[in-house]
Student: 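Structure below; questions to follow.
Keep in mind that the numbers below use all heavy atoms, side chains included, and drop hydrogens, waters and symmetry copies.
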Amino acid sequence: MANSTAAPIMLELVDEDGKTIGTAEKLSAHVPPGRLHRAFSVFLFDDSGRLLLQRRALGKYHSPGVWSNTCCGHPYPDEKPFVASARRVSEELGVAPQLMSEAGTVRYNHPDPASGLVEQEYNHLFVGLVREVPEPDPEEVAETAFVTAQELKRRHGEDPFSTWFMTVLDAARPAINELTGGSAGW
């Protein structure tokens with residue numbers, strides 16, 4: 001008889017320098033106080049310098065229904081963060097990033113009051129372009145929007161965003177400015 005339960009999703013646990021020290025099941029790594037694990041965040045822009053945001057699907061166990069960066073997630077153990085980020089952009093949004101490049105790393109600890117979970121992450125940042133119309137997977141993404149830097153400021157003041165959003169955006173700003181040029185205002 002076939003096993004009907006899916007295998008647990010495993011994450012890579014890391015030390016403060018980003019060195020792999022083990023693995024943990026995804027949900028267990030997010031239970032307070034959280035365990036430091038490898039993650040990634042992607043920021044994709046259209047040719048006019050607008051950022052592609054996504055509103056997380058309402059069915060997500062963590063931070064459902066909030067706006068966040070283009071894509072974020074966790075590499076599988078031994079999966080390179082760049083490969084994982086391109087894979088998840090395709091899975092979640094149905095597009096392939098163009099000219100995607102590394103934009104550094106950031107380490108943070110963000111409790112999520114709504115879910116009670118904790119984002120204790122060593123996060124690899126990526127920036128790039130998107131030249132296709134997103135076709136989101138409704139299990140992952142409720143909606144998408146392209147926004148200018150000014151529109152993001154307004155939206156961030158009015159709509160709920162992920163607890164990690166400003167941390168990863170601020171850390172990626174130098175690479176974002178290099179990609180979009182100073183006139184985009186990022």
Student: To check you understand the geometry: which heavy-atom pair defines the closest contact between Gln120 and Pro33, and what is its length?
Tutor: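 The answer is NE2-O, 3.1 Å.
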Student: Within the 4.5 Å heavy-atom criterion, are Lys26 and Met10 side-chain neighbours or not?
Tutor: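 Contact flag for Lys26/Met10 side chains = no.
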Student: Begin from the C-alpha positions of Glu121 and Arg107 and carry the test salt bridge (charged side-chain N to carboxylate O under 4.0 Å, His left out) through to its verdict.
Tutor: CA-CA 6 Å; Glu121 295 186 332; Arg107 190 258 195 258; over 6 Å; no
Student: Should the pair Arg56 and Trp67 be classed as cation-pi, given the thresholds of under 6.0 Å to the six-membered ring centre and 45° from the axis?
Tutor: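 No, a cation-pi geometry is absent between Arg56 and Trp67.
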Student: Dump the intermediate steps for salt bridge (charged side-chain N to carboxylate O under 4.0 Å, His left out) on Arg155 and Glu151, then the final yes or no.
Tutor: CA-CA 6 Å; Arg155 201 181 263 259; Glu151 289 166 341; over 6 Å; no
Student: Out of curiosity, Phe165 CZ to His156 NE2, how far, rounded to the nearest 0.5 Å?
Tutor: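 Reported value, rounded in 0.5 Å steps: 6.0 Å.
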Student: Under the salt bridge (charged side-chain N to carboxylate O under 4.0 Å, His left out) rule, what do Lys19 and Asp15 come out as? Steps first, then yes or no, please.
Tutor: CA-CA 5 Å; Lys19 182 177 177 231; Asp15 65 15; 5.5 Å; no
Student: Under a plain distance cut-off of 3.5 Å, with no hydrogens placed, do Glu119 and Tyr108 share a side-chain donor-acceptor pair?
Tutor: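 The answer is no; no qualifying pair exists.
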Student: Nearest 0.5 Å, please: how far is SG in Cys72 from CD in Glu92?
Tutor: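 Separation between the atoms: 7.0 Å.
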Student: Checking Arg38 side chain against Val14 main chain: does a donor-acceptor pair fall under 3.5 Å?
Tutor: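 No; zero donor-acceptor contacts below 3.5 Å.
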Student: Below 6.0 angstrom between ring centroids: does that apply to His124 and His74?
Tutor: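 No.
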Student: Closest heavy-atom contact between Pro134 and Val95?
Tutor: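 In terms of heavy atoms, the two residues are closest at CA-CG1, 3.7 Å.
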Student: Report yes or no: do Leu44 and Leu53 belong to one cluster of Ile/Leu/Val/Met/Phe/Trp/Tyr joined by side chain heavy-atom distances under 4.5 Å?
Tutor: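 No, no single cluster joins them.
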Student: Consider only side-chain N and O atoms of Ser68 and Trp164, and report whether a donor and an acceptor are under 3.5 Å apart.
Tutor: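 Looking only at side-chain atoms, Trp164 and Ser68 do form a donor-acceptor pair, the distance falling under 3.5 Å.
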Student: Can you find a pair of side-chain heavy atoms, one from Ser85 and one from Met100, that are under 4.5 Å apart?
Tutor: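 A side-chain contact under 4.5 Å exists here.
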Student: Same hydrophobic cluster for Val118 and Val66, using side-chain heavy-atom links shorter than 4.5 Å among ILVMFWY?
Tutor: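 No: no chain of side-chain contacts under 4.5 Å links Val118 to Val66.
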Student: Would you say Val168 ends up clustered with Leu11 if hydrophobic residues are merged whenever their side chains have heavy atoms under 4.5 Å apart, either directly or through other cluster members?
Tutor: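 Per the 4.5 Å side-chain linkage, Leu11 and Val168 are not co-clustered.
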Student: Atom CG of Leu27 and atom CD1 of Ile9: how far apart are they, to the nearest 0.5 Å?
Tutor: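 The CG atom of Leu27 sits 10.0 Å away from the CD1 atom of Ile9.
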Student: Show your reasoning for whether side chain to side chain contact (heavy atoms under 4.5 Å, CB included) applies to Glu102 and Phe40.
Tutor: CA-CA 10 Å; Glu102 294 184 27; Phe40 62 82; over 6 Å; no
Student: Spell out, as yes or no, whether a donor-acceptor pair under 3.5 Å connects the side chain of Ser115 to the backbone of Leu117.
Tutor: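 Yes; at least one donor-acceptor contact below 3.5 Å.
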Student: Quick one: closest heavy-atom pair of Leu36 and Tyr122, and the distance?
Tutor: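 For Leu36 and Tyr122, the tightest heavy-atom pair comes out as CD1-N, 3.6 Å.
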Student: Got a salt bridge between Arg88 and Glu140, using NZ or NE/NH1/NH2 to carboxylate O under 4.0 Å?
Tutor: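 Between Glu140 and Arg88 there is a salt bridge, with a charged N closer than 4.0 Å to a carboxylate O.
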Student: Where is the tightest heavy-atom contact between Pro75 and Ala39, given as atom of each residue plus distance?
Tutor: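 Minimum heavy-atom contact is CD-CA, 4.0 Å.
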Student: Start with the C-alpha gap between Thr20 and Asp78, add the side-chain angles, then the distance that decides, and say whether side chain to side chain contact (heavy atoms under 4.5 Å, CB included) holds.
Tutor: CA-CA 9 Å; Thr20 302; Asp78 298 322; 5.8 Å; no
Student: Ring pair (Phe, Tyr, Trp, His ring centres under 6.0 Å), that's the test. Do Phe82 and Phe126 meet it? Break it down for me.
Tutor: CA-CA 8 Å; Phe82 185 92; Phe126 299 94; 5.7 Å; yes
Student: What's the spacing between Leu125 CG and Asp170 CG if we round to 0.5 Å?
Tutor: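 So the CG of Leu125 and the CG of Asp170 are separated by 11.0 Å.
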Student: Begin with the C-alpha distance, continue with both residues' side-chain angles, and end with the deciding distance and a verdict on side chain to side chain contact (heavy atoms under 4.5 Å, CB included) for Leu51 and Phe146.
Tutor: CA-CA 5 Å; Leu51 172 61; Phe146 281 96; over 6 Å; no
Student: Is there a path of hydrophobic side-chain contacts, each under 4.5 Å between heavy atoms of I, L, V, M, F, W or Y residues, that connects Val83 with Val89?
Tutor: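 In one cluster: no.
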Student: Can you see which heavy atom on Leu58 is nearest to which on Pro64, and at what distance?
Tutor: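 Heavy atoms only, the tightest pair is O-CB, 3.3 Å.
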Student: Whether the side chain of Ser28 engages the backbone of Ala24 through a donor-acceptor N/O pair (distance < 3.5 Å, no angle test) should be reported.
Tutor: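 Looks like no, no N/O pair under 3.5 Å.
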Student: Is a side-chain donor-acceptor pair under 3.5 Å present for Gln54 with Thr144?
Tutor: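 No, because no side-chain N or O of Thr144 sits under 3.5 Å from a partner of the opposite role on Gln54.
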Student: Could you verify whether a donor N or O on one side chain and an acceptor N or O on the other, from Asp112 and Thr163, lie under 3.5 Å apart?
Tutor: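 Distance-only check fails for Asp112 and Thr163.
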Student: Taking the basic N atoms (NZ, or NE/NH1/NH2) and the acidic carboxylate oxygens, is any pair closer than 4.0 Å for Asp47 and Arg131?
Tutor: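 Yes, this pair counts.
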Student: Report yes if the distance between the aromatic ring centroids of Phe45 and Trp186 is under 6.0 Å, otherwise no.
Tutor: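 Centroid separation for Phe45 and Trp186: below 6.0 Å.
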Student: Got a second to check how far Thr167's OG1 is from Asn69's CG, nearest 0.5 Å?
Tutor: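 Thr167 atom OG1 to Asn69 atom CG measures 11.0 Å (nearest 0.5 Å).
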Student: So, does His37 use its side chain to make a donor-acceptor pair with the main chain of Arg35 at under 3.5 Å?
Tutor: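 Checked: pair present.
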Student: Please step through side chain to side chain contact (heavy atoms under 4.5 Å, CB included) for the pair Leu13 and Thr23, ending with a clear verdict.
Tutor: CA-CA 5 Å; Leu13 299 177; Thr23 60; 5.6 Å; no
Student: Please give me the minimum heavy-atom distance between Val127 and Ala103, naming the atom from each residue.
Tutor: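 Closest approach of Val127 to Ala103: CG1-CB, 4.0 Å.
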Student: Can you tell me if CD on Glu135 sees more than 12 non-hydrogen neighbours from other groups inside 6.0 Å?
Tutor: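 Counting neighbours around CD of Glu135, 12 or fewer heavy atoms of other residues, nucleotides or ligands fall under 6.0 Å, so no.
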Student: When you look at Glu139 and Lys60, which way does the salt bridge (charged side-chain N to carboxylate O under 4.0 Å, His left out) test go after all the steps?
Tutor: CA-CA 8 Å; Glu139 297 288 315; Lys60 302 282 274 185; over 6 Å; no
Student: Would you kindly confirm whether Val42 and Phe161 end up in one hydrophobic cluster when ILVMFWY residues are joined by side chain heavy atoms under 4.5 Å apart?
Tutor: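 Different clusters.
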